[in-house]
Structures are given as C-alpha cells and as structure tokens.
Amino acid sequence: MTALRAPDPQTKASKRTEALEARPVNLDGFVDEWPEVGLVAMDSPNDPEPSIGVEDGRVVEMDGRTRDQFDFLDQFIADTAIDAATAEASMAIDAGEIAHMLVDPRTPRTDVLRVVRGLTPAKILAVVKTMNVVEMMMAMQKMRARRTPSNQAHCTSARDNPLQVAADAAEGALRGFDEVETTLGIVRYAPLVALGLQVGAQVGRGGVLTQCALEEATELRLGLRGLTTYAETISVYGTEKVFIDGDDTPWSKAFLASAYASRGIKMRFTSGTGSEVQMGNAEGKSMLYLEIRCILMAKGAGVQGLQNGSISCIGVPGAVPAGIRAVLAENLVASMVDLEVASGNDQTFSHSDMRRTARLLMQFLPGTDLICSGYSACPNYDNMFAGSNVDCEDYDDWNTIQRDLQVDGGLRHVDEREILAVRDKAARAMQAVFEQLGLPAITDAEVEAVTYAHGSNDLPPRDVLEDLKGAQMLMDEGITGLDVVRALEAGGFRDVAESLLALLRQRVGGDLLHTAAIVGHDGEAVSAVNAPNDYAGPGTGYRPEGARWEEMKRLRHTVSPSNPEA
C-alpha cells in the first residue's frame, strides 16, 4: 500500500479550502471552553449538584449550600421563588422524568408548572441538560404562556430623529408588531424620540405598546408620565458580585418593578446567558446555571415576564460549543416558571445568514410570547441597540418563511400604498403635535422625505440644539400622555388621539399587568389570563388558519395561476 503524503498547507492550500475560508461564517469568533472563568454554555464542572432542605416551611439548604452560606441571590430565590411546601417532592422526581413531562403533550402545562415551582436552579439545569433542541422546541410549544405568539420591533435612528422613529413605528405596527421599542445615542433626545414612537405606533395600529430603553430613572419618569406603556431593560444578573457592581440587589429590582406596576405599566426584567462572563464575575459556573438564577430571581420578584435569549451578550454563548442551545434552554426555563418570554433574536451575532436563521428558527417554529425582543424595523445601520439579527430588509424573507411553513411569526405583507400612507400620516401627526406643543417645527420637506425614506441617510438633518431645547421643555413642563392626546385632537388627528387615550386607559384597568399581555386589534388586553396556551398535542393549540392564514399567504410577488399577468 502506498503511504499517504501530507502536503504542507502553509505553502499551498486547496481551492476548496480557499473557498471555505472566504465564507462569511469564518468571520465569526469561536473560542474553546474555559470553565474556570465561566466560558462554558451549560455544563461546567463547577456547577452545583441539585439538593434541597426544608425545615418548618423554610428552605434551609439548596444546591449544596446551607442558609448561612447563601449569597443574596440564594436567599432571594429560596424565600420568594421556590415553593417550600412542594420542593422536596418535586426535587425527588428524576430530571429525565421532568423532561418527559415537558415534552409529552399529554401532560398538561399546569402539571409541569406545579412541579417546577419546587425546583432549585441546579435541578432545573439538570432537566434541560437532558434535552436536545428539538425536544426543547416541543416543550416551548406547550409552555408558552399566551396562546398566540407575537413580535416586537426596534425603531431607532442613528441621528435620534423622532420623525424617522415615528414613521418606522407606524409601518412596523401596520406590519404586525404588537410592541415597539426605541433607544438613543443622545439621552437628552429621549422625550422627543419616545413621543415619536408613541404617536407613530398608534397611527399604525391602535393598542401597540411602546417603550424607550434608557437608564432606569429616565425610563421610569417617561413611563409615569404616560409617554411609554411598558418597560423591559431592567437588568438582573446571576452572581452577587455583578449585581453589586451595578449598585443593585434583588430587593431593589423588586422595588423598581413595584413602582412600574403601581402605575399600570407593563414590565419585564432582562437577563441572558453570558452577561456574568462578559462582566468578569461568573464564579466559574456555566452561563445557563447563572441565567437560571436570574430567571428564578425574576419569578420571585413578581414581574410578569423576562426578556432573555442572551440579548446583548449573544456573542459570548455564540462563540462556545452548544451556546445557541443554551440560549433556547434559557427561553424554555423562563416559560417553565410561567413568565412571559421575549426571546431575544435581537442583537446580531454572526456574519452567516445560515447561522442567523438557525438561531432564529428555534423560537420562530414553536412560537414564543414575543419571538423577537427587537426585530429591527429600521436598517441595521440605524439600529442603536448594536444591530439586530433581522432588520427591515428581511421582511419579505420572514413573510415567506411564515408562508412556507404555515407558522405564525406575527408579521404580514403590506402593500406599498398602505406603507406610504401610514408613514405620511405618522409624519403629519408628528408635525401637528410638535406645533401644538411648541416644539421645533417639522417641515413639509421632512414629511415628504420620511414617507419615502429607508433610513436616516435619506433624511435632511434637524437642528439638534433646538431639538434638545424642546426635549428639555417637555420634561420641565411635565408634558404627559394626556397632553399628547390633546395635541393630536387639536391638530386634526382625532382617530390617533382616541387610540392613544384608549391605550392610556389600559393602565388604569391593570390588565396589562397580566402575564404576556398585549393589546389586541379590538383594543382589549390579550394575555395568559384570558387567552392561555391550550396546546395539548397534534390538532390542538393555536395554528394559523382562516383569515390569518389567508393574510399570511400574501407575498409581494405571488402569481395568480388563473391570471398570471395580474
């Protein structure tokens, strides 16, 4: 037998290798696991073994630590998130058996919730570690809180242009997003941009919820004034050291949550695998174990939901083996403890279209309460959340995937005439509101430009100094959502004023505080309370059919077989 020769690849590579090296995926970053610093997705040798000890109705030992060894996260979880009455029975069930309960559609969701209420972080980790991604998706289909999936969009501007944000929010609402979110480059622009988001969203569809993601004090002030209707960028972490670095504790976060709830403002916490590694204090634990601690902390604090799915840390789990599997696992765990799940798919993490789609489909296919917690409704160059996994240039792809698979991703195709009409109306409504409130004028040329614009590069610049003066005036004079309603009415946009007033009225009723609450097309809240997930196997649960399926069939270039020229 002739021996194989091994040519030196340093002197000459094959044409196939050269072709592979040129692929976008090889621009991504990949690293080996390093458990000692927490650079491991979901299986660190330093993760604790599951255990529980209960005395007199109180958890006194958890995952190998006695109460005198608890850090403040252990204490908060033990006292607020674990059902001491059922913990010993739940912990005695084999992790594989609990995983079977999750996957088996014949086991009701409520039965799973009862068991999970008594599980510790390490036991929950042991359960999801037995599951592959297909099994996790099967479980997610059942464990999602609300019957119907939904979607959320980012509407931001590299120039913090409130008119652009308004037009993109209007188009996004028309396309199907039930929540829209913005953030800023210049924080002092926040009142104007929040105003643009709020007005534009109501032009697109009455009832779309809005938020302006900033540091917590400003975000809370905007919410209390009625310039936003939900909040989610309230970050929690899985180690005590990272919490302390942020000048926070679980109790301070719970207090902040109660401040939002007391004014009827929908509110989620935010967490995600990789944040503790990124901040240098993972204590050698796996990313998923620390994220499960975050999830249970959110449950114990009483918030209605969690934005998780690695979010702004996605590059960290995306670089290690099984990292994207861990991201799906964290979404599943949040649904297992009966929280609303806004499942990420926001910050971009890969140059590869194939990887981006694979990461997306794990939430898209089973459906989550909000498949994206930030589909970019603007081009990614305008996305001030560091770019999204999908943006407005992906609308047609998204709609086609929905149609291909008959899976509802929350969006729909909209004709160009409808898009132009709603963008124009949003711009004119903003023009009227600015005039009524004494803000720097919006010109007809700006209205024309934003109606047809793709992004901020297509818009004339505004006078930043005058805008900032106007933004400060809004804060100094205590402008509220009701003032915006009055301005819309006085400016000739009565229908938009009525939509905004109805949305503000929702805060008084309190229905938006229910798990997975959104506002439906009839103006009423839809949540896990009045529309719970009823999946129980094939032929059950939500499936797009009837008018919704007919809507999903429509694409930009669909040909009529009976009249191909049409």
Side-chain angles (χ1 to χ4, degrees), residues 24 151-177 179-186 189 192-201 203-205 208 210 345-348 351 353 356-357 360 372 374-401 409-431 442-462 464 467 554-557:
N151 222 329
Q152 180 201 112
H154 286 164
C155 300
T156 64
S157 168
R159 298 181 184 174
D160 294 332
N161 188 320
L163 198 61
Q164 178 191 355
V165 169
D168 283 340
E171 180 181 341
L174 184 67
R175 288 183 179 274
F177 293 106
E179 294 184 355
V180 290
E181 172 189 19
T182 194
T183 193
L184 288 301
I186 301 173
Y189 246 117
L192 297 187
V193 174
L195 177 62
L197 188 75
Q198 184 180 64
V199 170
V203 170
R205 177 180 79 79
V208 171
T210 68
N345 286 302
D346 53 354
Q347 185 165 306
T348 186
H351 296 82
D353 289 341
R356 291 192 302 115
T357 305
L360 164 68
C372 296
Y375 185 122
S376 186
C378 55
N380 260 335
Y381 75 76
D382 268 318
N383 192 300
M384 301 303 289
F385 289 98
S388 177
N389 194 48
V390 279
D391 75 357
C392 58
E393 296 178 11
D394 297 311
Y395 281 142
D396 288 348
D397 300 78
W398 185 284
N399 288 325
T400 301
I401 292 172
L411 301 188
R412 67 188 185 101
H413 171 67
V414 182
D415 290 333
E416 173 77 350
R417 286 174 297 179
E418 294 179 83
I419 293 170
L420 295 178
V422 80
R423 291 181 69 91
D424 172 74
K425 184 175 179 179
R428 289 187 292 107
M430 281 290 286
Q431 188 180 46
I442 293 172
T443 67
D444 291 341
E446 288 180 277
V447 171
E448 172 78 6
V450 82
T451 298
Y452 293 92
H454 180 45
S456 61
N457 290 346
D458 306 315
L459 301 177
R462 286 185 58 80
V464 175
D467 273 349
R554 291 180 58 214
L555 296 177
R556 183 187 305 277
H557 302 298

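All residue numbers in this chain count up from 1 along the given sequence.
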With a 4.0 Å cut-off on N to O distance, would you call R423 and D168 a salt bridge?
yes

D458: partners by side-chain hydrogen bond (donor to acceptor under 3.5 Å, both in side chains), with sequence neighbours left out
none

Identify, with sequence neighbours excluded, every residue that meets salt bridge (charged side-chain N to carboxylate O under 4.0 Å, His left out) alongside R175.
E171

Testing D424, N161, V165, L459 for side chain to side chain contact (heavy atoms under 4.5 Å, CB included) with V450, which one passes?
L459

Salt bridge (charged side-chain N to carboxylate O under 4.0 Å, His left out) partners of D444, counting only residues at least two apart:
none

Salt bridge (charged side-chain N to carboxylate O under 4.0 Å, His left out) involving D467 - partner list, sequence neighbours excluded:
R462

In chain order, what residues pass the ring pair (Phe, Tyr, Trp, His ring centres under 6.0 Å) check against Y189, with sequence neighbours excluded?
none

Only counting residues at least two apart or in another chain, list the ones meeting side chain to side chain contact (heavy atoms under 4.5 Å, CB included) with L420.
E416, T451, Y452

With rounding to the nearest 0.5 angstrom, report the SG to CH2 distance, C392 to W398.
13.5 Å

As an exercise, state the distance from CZ of R556 to CG of D396, rounded to the nearest 0.5 Å.
4.0 Å

Check side chain to side chain contact (heavy atoms under 4.5 Å, CB included) between A173 and all other residues, then give those that pass, not counting sequence neighbours.
R205, V208

For residues 155-174, which residue pairs pass the ring pair (Phe, Tyr, Trp, His ring centres under 6.0 Å) check, not counting sequence neighbours?
none

Does any donor atom in the side chain of S388 or N383 lie under 3.5 Å from an acceptor atom in the other side chain?
no

Could you pull out all residues at least two apart from H351 that satisfy side chain to side chain contact (heavy atoms under 4.5 Å, CB included)?
P24, L27, D28

Backbone N/O of L174 and side chain of R412: donor-acceptor pair under 3.5 Å:
yes

Would a 4.5 Å heavy-atom cut-off, applied to side chains only, mark M384 and V193 as touching?
no

Who pairs with D397 by salt bridge (charged side-chain N to carboxylate O under 4.0 Å, His left out), at least two apart in sequence or on another chain?
none

What is the ring orientation for Y395 with Y375, classed by angle as parallel under 30°, tilted 30 to 60°, or perpendicular over 60°?
parallel

T156 side chain to T182 backbone, donor-acceptor under 3.5 Å:
no

side-chain hydrogen bond (donor to acceptor under 3.5 Å, both in side chains) partners for D346, two or more places apart:
none

Let me confirm one number: the CD-CE distance from Q164 to M430, rounded to the nearest 0.5 Å.
11.5 Å

For the pair N151 (side chain) and F177 (backbone), establish whether a donor and an acceptor sit closer than 3.5 Å, ignoring hydrogens and angles.
no

Among all residues two or more places apart in sequence or in another chain, which pass the side chain to side chain contact (heavy atoms under 4.5 Å, CB included) test with T357?
L361

